Protein chains: 2
Amino acid sequence: MKQYAIIVAGGSGQRMGIQLPKQFLPLAGKPVLMHTIEAFHRADVDTEIILVLPASQREYWRKLCKEYKFPIRVTMVAGGNTRFMSVKHGLDAVLMDFESYDKNSHTGGSNVLIAIHDGVRPLVEPKLIRDVFEAARQHKVAYPAVQVVDTLRKVDLDGSAKDVDRSQFKLVQTPQVFLAPVILEAYDYACDSPLYTDDISVVANKMGRRPCIVEGSKENIKITTPDDLELAEAILMVRKSRERVRDEAKKAKTTECKS
Amino acid sequence: MKQYAIIVAGGSGQRMGIQLPKQFLPLAGKPVLMHTIEAFHRADVDTEIILVLPASQREYWRKLCKEYKFPIRVTMVAGGNTRFMSVKHGLDAVLMDFESYDKNSHTGGSNVLIAIHDGVRPLVEPKLIRDVFEAARQHKVAYPAVQVVDTLRKVDLDGSAKDVDRSQFKLVQTPQVFLAPVILEAYDYACDSPLYTDDISVVANKMGRRPCIVEGSKENIKITTPDDLELAEAILMVRKSRERVRDEAKKAKTTECKS
C-alpha cells in the first residue's frame with residue numbers, strides 16, 4: 001500500500017512565551033520537527049512525507065535543514081489560518097500526487113493510507129506509527145489513545161466542578177491514519193469548526209464503522225510549554241540508556257557465542 | 001498553622017506485573033516512597049507526616065529505613081481495604097494527635113491543615129506542596145490540576161465515541177490540602193464509594209465554597225507502570241542537570257563580585 005504522512009506544524013510559539021515557534025526549538029541537539037520527520041522515515045522509508053508549515057517559516061526551515069545537513073526529503077506545503085485549513089492543504093498535496101483518484105465520486109484510493117500527525121509530537125516511536133498504519137489498513141481508520149490515570153474533573157467557567165468517570169475517557173494522540181477516500185471525502189464535505197481538535201472528529205460523522213483505537217504511549221507527548229521540552233529531553237535520555245543496555249546485552253551474547 | 005501530611009501508600013504492585021509494591025521500587029538509588037516523604041519534609045520540616053501502609057508491609061518498610069539510614073520520622077498507620085478506608089485511618093491518626101478538636105461538632109481545628117498525597121507521586125516538588133498549603137490556608141480546600149492538552153474523547157463500552165470540549169476538563173493531582181474540620185467532617189459523614197477517586201470528591205458535597213485549583217506540574221506523575229518509573233528516573237536526571245547549571249551560574253556570579 002502507498003503511504004503518506006501529513007505533518008502539521010502550524011505553531012507560532014505564543015504558548016511557550018517565546019519568539020521561536022516550538023517546532024523549531026532544539027531538543028537533544030536538533031529542532032523538534034526533525035525528530036518528528038525522522039520517526040516517520042524510520043517507520044517506513046517509502047512513506048511520502050508532506051510538511052505543512054506557515055509560508056513565513058519556510059525560509060527559516062530551509063536554513064535549518066542546511067545547517068543540520070538534514071537528509072530526509074519532504075514535500076513542503078503552506079499552512080492555513082487554522083489547523084483544519086492546514087490539514088486541507090496537506091490533503092490537496094496528496095491529491096496532486098495521486099493521479100488515479102476521482103475527486104467527485106471519491107473512488108480509486110483504496111490502496112492509499114494517509115497519516116496526519118502533530119509536528120510537535122517528536123517522540124512518537126516508529127513502532128507506534130507502524131501499528132497505527134497496520135490498524136488503519138484493516139479498519140480504514142485508526143488512532144492511538146491512552147487511558148486517563150489521574151482523577152478527571154469537569155470545571156465550568158464559573159468554577160463549579162463535577163467528577164466524571166475517568167475510565168470512560170481517553171486521551172487521544174496522533175498519528176491518526178485513514179484510508180484515503182475516508183479522509184478526503186470528510187474534508188471535502190466538512191466546514192472548519194473549533195470543535196475539530198483532531199481529524200478523527202472530522203471523519204466521525206461520515207463513518208459507517210468505528211475507528212480502531214491503538215494503545216498509545218505516554219511518551220508520545222505534545223510539546224506546548226517549556227516544561228514539556230524538558231520532559232521530552234528526559235524521555236530521550238531514558239531511551240538512550242535503554243538502547244545502551246540492549247546493545248551491551250547483545251554484545252555480551254555475541255562474545256559468548258564466539259568463545 | 002499546624003500541618004499534617006497523610007501519605008497513602010496502599011499499592012500491592014499488581015499493575016506493575018511484579019511482586020514488589022510500586023512504593024518500594026528503587027528510583028534514583030532509593031525507594032519511591034522515600035522520595036515522596038522527603039518532598040514533604042523539604043517543603044516544611046515541621047509538617048507531621050503520617051504514612052498509611054498495609055500492615056503486612058510494615059516490617060519491610062522498617063528494614064528499608066534501616067538499610068538506607070532514612071532519617072525522617074513518620075507516624076505509621078495500617079492501611080484499609082480501599083483508598084477511602086486508608087485515608088480514614090490516616091485521619092484517625094491526626095485526631096489522636098489533636099487534643100483540642102471536638103469530634104461531635106467538628107470545631108476547634110481552624111488552625112490545622114491536612115494534606116493527603118499519593119505515596120506513588122514521588123516527584124512532587126516542595127514548591128508545589130507549599131503553594132497548595134498556602135492556597136488551602138486562604139480558601140479552606142485546594143488541589144493541583146493541569147489542563148488537558150490532548151484531544152479528549154468519551155469512549156463507551158460498546159466502542160462508540162464522543163468528542164468532549166477538553167478546555168472544560170482538568171487532570172487532578174495531589175497533594176490535596178484541607179482545613180482540618182472540612183475533611184474530618186466529610187469523612188465522618190461519607191460512605192466508601194468507588195466514585196471517590198480522590199479526596200476532593202469526598203468533600204465536594206459538603207462544601208459551601210469552591211476549592212481553589214493550583215496550577216499543577218506535568219512532572220508530578222503517578223507511578224503505575226514500569227514505563228512511569230523510567231520516566232521518573234529521567235525527570236530526576238534533568239532536574240539534577242538543571243540544578244548544576246543554576247549552581248554554576250551562581251558560582252560564576254559570586255566570583256565576579258569578588259574579583
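Convention: sequence-line order gives letters A, B, ...; per-chain numbering from 1. Treat the numbers as computed from the prediction; the structure is a model and nothing was measured.
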Please classify the contact of [X] with chain B as side chain, backbone, both or neither, using a heavy-atom distance under 4.5 Å.
| X | result |
| --- | --- |
| A:D118 | neither |
| A:V146 | neither |
| A:K170 | both |
| A:D198 | both |

**Q.** Side-chain touch A:H35/A:I223, heavy atoms, less than 4.5 angstrom
**A.**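 A side-chain contact under 4.5 Å is absent here.
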For [Y], is there an ion pair with [X] - N to carboxylate O distance below 4.0 angstrom?
| X | Y | answer |
| --- | --- | --- |
| A:E219 | A:R242 | yes |
| B:E248 | B:K251 | no |
| B:K240 | B:E243 | no |
| A:D165 | B:K154 | no |

(Q) Can you tell me which portion of B:E233 sits under 4.5 Å from chain A's heavy atoms? Options are side chain, backbone, both or neither. (A)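 It is neither, since no heavy atom gets under 4.5 Å.
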Q) So which of B:V172, B:T174, B:V148 has the largest heavy-atom pair count under 4.5 angstrom toward chain A? A)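 With the most close heavy-atom pairs to chain A, the winner is B:V172.
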Q: Count the heavy-atom pairs under 4.5 Å between each of B:Q173, B:K162, B:R121, B:R239 and chain A, then report the option with the highest count.
A: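 When all of B:Q173, B:K162, B:R121, B:R239 are compared, B:R121 has the most.
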Q | Donor + acceptor pair across side chains of A:D199, A:Y187 (<3.5 Å) | A |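 There is such a pair between these side chains.
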